[in-house]
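Input: a single structure, listed below in structure tokens.
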Amino acid sequence: MNWKKLLALCTVLVPTLGQLNQTQYDVIVIGGGPSGLSAASGLSRVLRKVALFDSGEYRNNPTRHMHDVIGSDHVVPAEFRAKAREQISFYNVTTFIDAKVTSLKATGNGSFTATVENGTTFSARKVILGSGLKDDLPAVPGLREAFGKGIYWCPWCDGFEHRDQPLGVLGNLSDAYDSVRELHPTLNQDIRVFSNGTNNTAQWDRLAQKNPNWQAVFKAYNVTINDKAIANITRVQNGNETQDKALRKEFDKFRVYFTDGSYEERGPFMTNYGTSQASKLPQQLGVKFIGGKIDTSTNAGLRTSVKGVWGVGDANSDNSTNVPHGMASGKRAAVYCHVELATEEIALIGSNSTAKRGLAEPRAVEREMGSDVEDLYNGLRLK
């Protein structure tokens with residue numbers, strides 16, 4: 001990058017920036033999880049003023065450790081977030097606001113306002129939604145208390161720590177096939193499905209759509225089914241206390257009580273339950289949804305249907321829900337958001353001689369800034 005040209009560009013921009021809508025920040029980021037933190041990091045690296053709102057609610061907060069995050073494998077989620085904040089704070093442009101946003105609105109003049117619970121309002125030119133998902137667990141006593149600690153939903157997140165143990169699968173019978181496919185034979189060979197009254201014709205039909213030979217698969221893998229109605233799940237051993245740290249194994253055990261008075265003991269459990277948006281803020285902004293997720297499939301760079309708004313992390317529609325994905329999506333949105341902001345600033349130069357040299361064109365902006373967008377995301381065309 002030619003820094004002298006960039007400095008000249010910035011000098012030209014100074015008197016024109018006042019023509020933009022006056023806001024306190026460049027970008028409002030909703031969510032203090034991996035996607036929101038990554039977005040704030042990417043924007044901080046190019047010195048954009050960011051207001052990051054953190055409600056203190058995180059989908060992965062119940063889990064003991066975070067996994068499959070290069071450089072931060074087997075790290076406690078709270079420690080990861082604290083370290084990320086520390087690193088982002090070095091750039092001195094992101095403000096962390098530990099409060100829940102109750103109202104998020106477009107002003108009608110191209111900017112946005114976020115109001116927190118105490119009534120304080122903040123304004124910015126753009127919004128990145130990293131507002132996350134929540135797991136819709138059934139009201140089975142003991143399930144939520146153990147969720148993330150021996151009862152988990154993702155083999156990549158917690159499967160390794162519970163490998164080679166007798167494992168139970170919770171959820172509809174038709175969803176159990178996906179768990180069996182992901183777990184057997186590498187992680188768990190002793191698998192029993194607790195289908196809770198869903199072993200019926202409709203579920204069999206759904207299973208046949210996934211694999212007409214599912215019964216042969218269950219037989220070959222010695223997968224058994226208990227369809228009794230579940231009354232509650234009680235922990236009898238805590239893997240946080242009973243573990244092999246050298247081999248990184250956690251030995252959780254549970255007793256499943258059924259409504260007929262009987263019970264069974266199992267080791268860990270993998271679940272197959274649905275999710276929903278953790279926040280109502282995307283709905284307040286009027287973004288489109290697809291399959292219950294913020295639709296980011298139509299516009300480039302994880303933009304939503306609302307101009308100036310991006311959707312990242314678990315909440316968006318690319319159907320990937322893990323920490324590396326959240327971080328990657330946050331970075332992607334940050335790059336596109338910054339270039340869009342820069343393009344708007346360039347457009348104000350008008351007839352200035354610098355603009356006549358082509359700097360008013362989006363592609364010229366990319367060249368002056370080191371072609372970050374082109375380098376990171378080949379084929380980008382600004383809209």
Side-chain angles (χ1 to χ4, degrees), residues 1 6 23-61 66-73 75-99 101 112 114 122 124-132 279 294 296 300-304 308-316 318 320-342 365-366 369-377 380:
M1 181 192 305
L6 183 56
T23 59
Q24 296 165 287
Y25 298 93
D26 293 316
V27 186
I28 285 170
V29 175
I30 302 294
S35 63
L37 290 167
S38 180
S41 177
L43 291 164
S44 294
R45 286 285 299 171
V46 289
L47 300 182
R48 289 291 178 188
K49 290 185 64 179
V50 176
L52 185 148
F53 295 88
D54 189 341
S55 67
E57 301 164 332
Y58 319 100
R59 187 184 181 193
N60 72 346
N61 208 45
M66 233 173 41
H67 297 106
D68 206 17
V69 183
I70 299 300
S72 295
D73 191 47
V75 171
V76 175
E79 294 176 2
F80 170 84
R81 293 191 298 269
K83 187 65 175 179
R85 281 195 177 203
E86 177 186 336
Q87 293 174 345
I88 294 167
S89 296
F90 171 81
Y91 300 100
N92 202 32
V93 287
T94 290
T95 301
F96 295 98
I97 302 161
D98 292 319
V101 175
F112 302 87
F122 304 80
R125 291 161 59 192
K126 307 294 178 185
V127 172
I128 296 178
L129 294 168
S131 44
S279 171
I294 299 171
T296 56
L302 303 179
R303 291 179 176 89
T304 71
V309 180
W310 284 258
V312 299
D314 289 5
N316 77 8
D318 58 11
S320 182
T321 55
N322 54 68
V323 173
H325 156 260
M327 294 167 65
S329 65
K331 169 64 174 180
R332 183 178 179 88
V335 171
Y336 277 75
C337 183
H338 170 62
V339 173
E340 185 168 298
L341 286 163
V365 178
E366 293 174 31
M369 301 187 66
S371 301
D372 282 348
V373 176
E374 182 70 24
D375 293 342
L376 285 170
Y377 306 112
L380 166 66

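Throughout, numbering of the chain's residues begins at 1 and tracks the sequence. No hydrogens, no waters, no symmetry mates; every other heavy atom, side chains included, goes into these values.
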Quick check against the 3.5 Å criterion: does [X] have a side-chain atom that pairs as donor or acceptor with the backbone of [Y]?
X    : Y    : result
T304 : V309 : yes
S38  : M327 : yes
S44  : A40  : yes
S89  : R85  : yes

(request) Check V93, T94, I28 against V50 for a side-chain contact (heavy atoms from CB on, under 4.5 Å) and give me the one that passes. (result) T94
(request) With sequence neighbours excluded, tell me which residues meet side-chain hydrogen bond (donor to acceptor under 3.5 Å, both in side chains) with S320. (result) N322
(message) Between Y91 and V46, does the side chain to side chain contact (heavy atoms under 4.5 Å, CB included) criterion hold? Intermediate values first, please.
(response) CA-CA 9 Å; Y91 300 100; V46 289; over 6 Å; no
On a heavy-atom basis, which atom in [X] and which in [Y] lie closest, and how many Å separate them?
X    : Y    : answer
T321 : D314 : CA-OD1, 3.2 Å
F112 : G308 : CE1-O, 3.9 Å
A334 : A39  : CB-O, 3.5 Å

Supply the atom-to-atom distance [X] [atom1] to [Y] [atom2], rounded to the nearest 0.5 angstrom.
X    : Y    : atom1 : atom2 : result
K126 : R303 : NZ    : CZ    : 8.5 Å
T23  : K49  : OG1   : NZ    : 8.0 Å
Q24  : T95  : CD    : OG1   : 9.5 Å
H338 : R45  : NE2   : CZ    : 12.0 Å
N316 : S131 : CG    : OG    : 10.0 Å
K331 : L43  : NZ    : CG    : 9.0 Å

(request) Using the side chain to side chain contact (heavy atoms under 4.5 Å, CB included) rule, take L129 and I294 through it: C-alpha gap first, then chi angles, then the decisive distance, then the call. (result) CA-CA 9 Å; L129 294 168; I294 299 171; 4.1 Å; yes
(request) Say whether S35 and S329, considering side chains only, have a donor N or O and an acceptor N or O under 3.5 Å apart. (result)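 There is no such pair (donor and acceptor under 3.5 Å, judged by atom type) between the side chains of S35 and S329.
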Can you tell if the side chain of [X] reaches within under 4.5 Å of the side chain of [Y], non-hydrogen atoms only?
X    : Y   : value
Y58  : P77 : no
V101 : I30 : yes
V29  : L37 : no

(request) Would you sort out whether V27 and I128 count as a side chain to side chain contact (heavy atoms under 4.5 Å, CB included), showing the intermediate values? (result) CA-CA 7 Å; V27 186; I128 296 178; 4.0 Å; yes
Salt-bridge test for [X] and [Y]: reply yes if a basic N is under 4.0 Å from a carboxylate O, no otherwise.
X    : Y    : value
R332 : D318 : no
D54  : R81  : no
R125 : D26  : yes

(message) Could you work out, with ring-ring contact (aromatic ring centres under 6.0 Å, His included) as the rule, every residue matching Y25, not counting sequence neighbours?
(response)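 Checked Y25 against ring-ring contact (aromatic ring centres under 6.0 Å, His included); zero matches.
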